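The structure under discussion appears below in the form of structure tokens.
Worth knowing before you read on, the calculation uses all heavy atoms, side chains too, and leaves out hydrogens, waters and symmetry mates. On a predicted model such as this, the values are computed, not experimentally measured, just so you know.
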Amino acid sequence: MTQTPQPPALEYAGTLSVLIGDPIDVGPTPEGHRRIIPITGGAVSGPRLSGRVLPGGADFQILHTPELSQLDARYAVETEDGAIISVDNAAIRSGSAEALGRIARGEPVDPAEIYFRCAPRLRSSAPQWDWVNRTLFVGTGERYPDRVVVHVFALA
């Protein structure tokens, strides 16, 4: 007898508050309008992840249409115990052209107006953090004028 598959459970791991700089507008390319958003720092807090976002990363964006953006953020987190975790976060952000236009201009937008989902990939060489290498994560995002907030969940 075939049973209906059950979805995996989600375990809240933590929230990343990623500070951002002024966008670098590459402009229209054959793949879409490209922007690079510098990552300048931030904080991580939660039951399984805590520390700080290190400056030096960036979010490489493709604005496919006025209603759809593809995001590829790459940066590092330093945990409270001094380990380094590499974060590669692929995301999709969609909403009305008007709401995404306000985001592109750095204006505030109510997170309820935007669909922002992501699949962060975490990696570390620190033995105590090896569990992140063997865990898949998903998340929800919120964009504010000076930061991006990502709530990260481990797939159980």
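Here the CD1 atom belonging to Ile37 is positioned 10.5 Å from the CZ atom belonging to Phe60, to the nearest 0.5 angstrom. In this structure, CG in Leu19 is found 6.5 Å from CG in Asp146, a value given to the nearest 0.5 Å.
Side-chain contact annotation: His64 with Glu31, donor-acceptor N/O pair under 3.5 Å absent. Between Thr140 and His151, the side chains place no donor N or O within less than 3.5 Å of an acceptor N or O (distance only, hydrogens not considered).
The closest side-chain heavy-atom distance from Ile84 to Leu54 is below 4.5 Å. Counting heavy atoms from C-beta on, the side chains of Asn89 and Val150 come closer than 4.5 Å. Within the 4.5 Å cutoff, the side chain of Ile85 has no heavy atoms near those of the Arg123 side chain. Side-chain contact check for Asp59 versus Ile20: every heavy-atom pair is 4.5 Å or farther apart. Taking 4.5 Å as the limit, some side-chain heavy atom of Trp129 sits within range of a side-chain heavy atom of Asp81. Side-chain contact between Glu78 and Val53 is absent, with no heavy-atom pair separated by less than 4.5 Å.
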Per-pair distances, 0.1 Å, donor-acceptor, side chain in residues 108-117, under 3.5 Å, sequence neighbours excluded:
| residue | atom | partner | partner atom | Å |
| --- | --- | --- | --- | --- |
| Asp110 | OD1 | Ala112 | N | 2.9 |
| Glu113 | OE1 | Arg102 | NH2 | 2.8 |
| Glu113 | OE2 | Arg102 | NH2 | 3.4 |

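In the hydrophobic clustering of this structure, Phe153 does not group with Val87; members are Ile, Leu, Val, Met, Phe, Trp, Tyr whose side-chain heavy atoms approach within less than 4.5 Å, directly or through other members. Residues Leu136 and Leu10 share a hydrophobic cluster, clusters being chains of Ile/Leu/Val/Met/Phe/Trp/Tyr side chains in contact below 4.5 Å. Leu122 and Val77 fall within the same hydrophobic cluster, defined by Ile, Leu, Val, Met, Phe, Trp and Tyr side-chain heavy atoms under 4.5 Å apart, directly or through other members.
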Check the pair Arg74, Ile39 against side-chain contact (heavy atoms from CB on, under 4.5 Å), reporting the backbone distance first and the verdict last.
CA-CA 9 Å; Arg74 294 170 184 252; Ile39 293 173; over 6 Å; no
Begin with the C-alpha distance, continue with both residues' side-chain angles, and end with the deciding distance and a verdict on side-chain contact (heavy atoms from CB on, under 4.5 Å) for Val18 and Tyr75.
CA-CA 10 Å; Val18 181; Tyr75 52 96; 3.8 Å; yes
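Evaluated for a side chain to side chain donor-acceptor pair (under 3.5 Å) with Gln61, the options Arg35, Arg34, Gln70 yield exactly one hit, Arg35.
For the pair Ser17 (side chain) and Ala43 (backbone), a donor-acceptor distance under 3.5 Å is absent. With hydrogens and angles ignored, the 3.5 Å screen pairs a side-chain donor or acceptor of Thr79 with a backbone N or O of Ala83. Asn133 contributes a side-chain N or O that, together with a main-chain N or O of Ser124, makes up a donor-acceptor pair within less than 3.5 Å.
Grouping Ile, Leu, Val, Met, Phe, Trp and Tyr residues whose side-chain heavy atoms lie under 4.5 Å apart, directly or via other members, places Tyr144 in a hydrophobic cluster with Val149.
By the 6.0 Å and 45° rule, Arg48 stacks over the aromatic ring of Trp131.
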